[in-house]
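In what follows, a single structure is set out as structure tokens and then discussed.
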Amino acid sequence: MGHVAYVTEDRIGIITISRPSALNALNSQVLNELDSTLDQVDTDAVRVLILTGAGEKAFVAGADISEMAGFTKEEGRAFGRRGNRILRRLETFPIPVIAAVNGFALGGGCELALSCDIRICSDNAVFGQPEAGLGITPGFGGTQRLVQTVSVGMAKQLLYTARPIKAEEAYRIGLVNAVYPGDELMAAARRLAGCIAQNAPIAVRNCKKAVNDGLRTDMDKALAMEETLFGNCFETKDQKEGMGAFLEKRKERNFINR
């Protein structure tokens with residue numbers, strides 16, 4: 001892989017986008033590499049993913065304007081389809097994904113972070129959807145996921161003004177869960193991932209599916225889905241271990257994803 005690295009640490013996978021010459025901007029090659037990297041993730045062994053950008057300046061500065069500038073309408077639609085397919089794959093990936101946002105997360109970078117389950121950032125992070133100032137709209141889900149993450153009014157303000165916001169403002173409006181000094185960001189991401197990884201993987205994955213699918217349907221159907229996922233946890237070895245540990249007053253739990 002030229003611009004996307006993948007390593008595992010215990011039960012945590014770490015994906016790093018590294019294209020320093022363009023502040024980690026997303027072009028066709030980076031998108032394809034990200035797609036291929038997801039193919040490599042062994043979801044039996046890895047329980048949480050962390051997605052970040054190399055260096056301190058940028059998570060992902062955006063989609064690559066030098067690639068997009070000469071697009072025809074059809075090429076623009078095709079690029080949007082490609083980005084949406086890959087970000088949607090990340091959003092619906094079976095295991096949780098944490099975005100550790102260091103520096104710029106603009107345009108496609110903000111959309112990439114929005115496709116993750118949880119976002120934390122460094123104190124120098126900058127978020128925004130600057131597309132309207134470039135004569136285009138967001139193309140990788142920004143108009144859809146932003147309104148599901150912050151208030152509709154705030155999302156429209158960010159989209160219409162194309163103005164960036166800093167880390168503390170992103171925290172205030174609920175775009176990120178926490179802000180850390182830059183040199184503490186990845187350690188915080190690993191702690192959060194470790195906290196998730198110690199829980200029953202089947203239960204965590206079912207929580208993710210219930211939340212994601214429930215957002216896209218009415219309450220009655222969402223509750224029916226939750227009932228099914230709740231029931232499916234029973235008779236698993238992890239359910240028996242978790243409840244057994246509780247009843248036996250054991251702190252140690254051995255969840256095996258079965």
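Because the structure is predicted, anything quoted here is derived from the model rather than measured. Counting begins at 1 with the first residue of the sequence. Every heavy atom of this structure was used, including side-chain atoms; hydrogens, water molecules and symmetry mates were not.
- Considering every non-hydrogen atom in both Ala167 and Cys121, the closest pair reads CB-SG, 3.8 Å.
- Note that CD1 of Ile98 and CG of Leu51 are 10.5 Å apart. Values are rounded to the nearest 0.5 Å.
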**Message:** Let's go through Glu33 and Gln29 carefully: what are the C-alpha distance in whole Å and the side-chain angles of both, what is the deciding distance for side-chain hydrogen bond (donor to acceptor under 3.5 Å, both in side chains) to 0.1 Å, and is it a yes or a no?
**Reply:** CA-CA 6 Å; Glu33 289 183 17; Gln29 181 181 351; 2.8 Å; yes

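- Placement of Ile50 and Leu34 in two distinct hydrophobic clusters is found when ILVMFWY residues are connected by side-chain heavy-atom separations under 4.5 Å, directly or transitively.
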**Request:** Verify side-chain contact (heavy atoms from CB on, under 4.5 Å) between Tyr6 and Val46, making sure each step is shown before the conclusion.
**Result:** CA-CA 12 Å; Tyr6 175 62; Val46 174; 3.6 Å; yes

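- When only modelled atom types and interatomic distance are considered, Glu235 and Gln239 share no side-chain donor-acceptor pair under 3.5 Å.
- For the pair Glu111 and Val60, the minimum side-chain heavy-atom distance is 4.5 Å or more.
- In this structure the side chain of Leu90 reaches within 4.5 angstrom of the side chain of Cys116, judged on heavy atoms.
- Note that CD of Gln144 and CG of Leu87 are 13.0 Å apart. Values are rounded to the nearest 0.5 Å.
- Two residues are said to be in side-chain contact when any heavy atoms from C-beta on lie closer than 4.5 Å; Asn199 and Arg253 meet this criterion.
- Of all heavy-atom pairs between Asn84 and Gly141, the closest is OD1-N, 3.2 Å.
- Screening Arg85, Lys208, Arg216 for a salt bridge (Lys or Arg N to Asp or Glu O under 4.0 Å) with Glu91, the sole residue that qualifies is Arg216.
- Side chains of Asn24 and Ser18: no donor on one and acceptor on the other come within 3.5 Å.
- Once rounded to the nearest 0.5 Å, the distance linking CZ of Phe104 with NZ of Lys57 reads 9.0 Å.
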**Request:** Could you please spell out the steps behind the salt bridge (Lys or Arg N to Asp or Glu O under 4.0 Å) verdict for Arg81 and Glu74?
**Result:** CA-CA 10 Å; Arg81 281 194 298 271; Glu74 185 50 47; 3.0 Å; yes

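- The CE atom of Met186 sits 8.0 Å away from the CD1 atom of Ile120 when rounded to the nearest 0.5 Å.
- Aromatic ring centres of Phe71 and Phe79 lie closer together than 6.0 Å.
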**Test log, rule side-chain contact (heavy atoms from CB on, under 4.5 Å), inputs Val41 and Thr8** = CA-CA 9 Å; Val41 179; Thr8 60; over 6 Å; no

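- Side-chain contact between Leu192 and Ile118 is present, with at least one heavy-atom pair separated by less than 4.5 Å.
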**Message:** One pair to check against side-chain contact (heavy atoms from CB on, under 4.5 Å): Leu26 and Phe140. What are the steps and the verdict?
**Reply:** CA-CA 11 Å; Leu26 299 175; Phe140 293 173; 4.2 Å; yes

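- Under a cut-off of 6.0 angstrom, the local environment of CZ in Arg88 is crowded, with over 12 non-hydrogen atoms contributed by other residues, nucleotides or ligands.
- Side chains of Ser115 and Arg145: a donor-acceptor N/O pair is absent below 3.5 angstrom, by distance only.
- No side-chain donor-acceptor contact under 3.5 Å links Asn257 to the backbone of Ala45.
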**Prompt:** Would Asn102 and Thr52 satisfy side-chain hydrogen bond (donor to acceptor under 3.5 Å, both in side chains), going step by step from the backbone distance to the final call?
**Reply:** CA-CA 7 Å; Asn102 45 315; Thr52 194; 3.1 Å; yes

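- A salt bridge links Arg89 to Asp35: one of the charged nitrogens lies within less than 4.0 Å of a carboxylate oxygen.
- Salt-bridge formation is detected for the pair Glu248/Arg250: a Lys NZ or Arg NE/NH1/NH2 atom is positioned less than 4.0 Å from an Asp or Glu carboxylate oxygen.
- Distance CZ/Phe59 to CD1/Ile17: 6.0 Å, rounded to 0.5 Å.
- The shortest side-chain heavy-atom distance between Leu114 and Leu175 falls under the 4.5 Å cut-off.
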**Request:** Determine, stepwise, if the pair Asp64 / Arg19 fulfils salt bridge (Lys or Arg N to Asp or Glu O under 4.0 Å).
**Result:** CA-CA 11 Å; Asp64 194 327; Arg19 193 181 171 219; 2.8 Å; yes

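- For the atom pair CG (Leu31) and CD (Glu67), the distance works out to 8.0 Å, reported to the nearest 0.5 Å.
- There is a side-chain donor-acceptor pair under 3.5 Å between Ser122 and Asn124.
- The shortest side-chain heavy-atom distance between Thr217 and Met225 falls under the 4.5 Å cut-off.
- Looking at heavy atoms from C-beta onward, Lys209 lies in side-chain contact with Leu229 at the 4.5 angstrom threshold.
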**Message:** Run Phe234 and Met243 through side-chain contact (heavy atoms from CB on, under 4.5 Å) and show every step you take.
**Reply:** CA-CA 10 Å; Phe234 288 86; Met243 291 190 173; 4.0 Å; yes

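- Between Lys166 and Asp123 the shortest side-chain heavy-atom distance does not fall below 4.5 Å.
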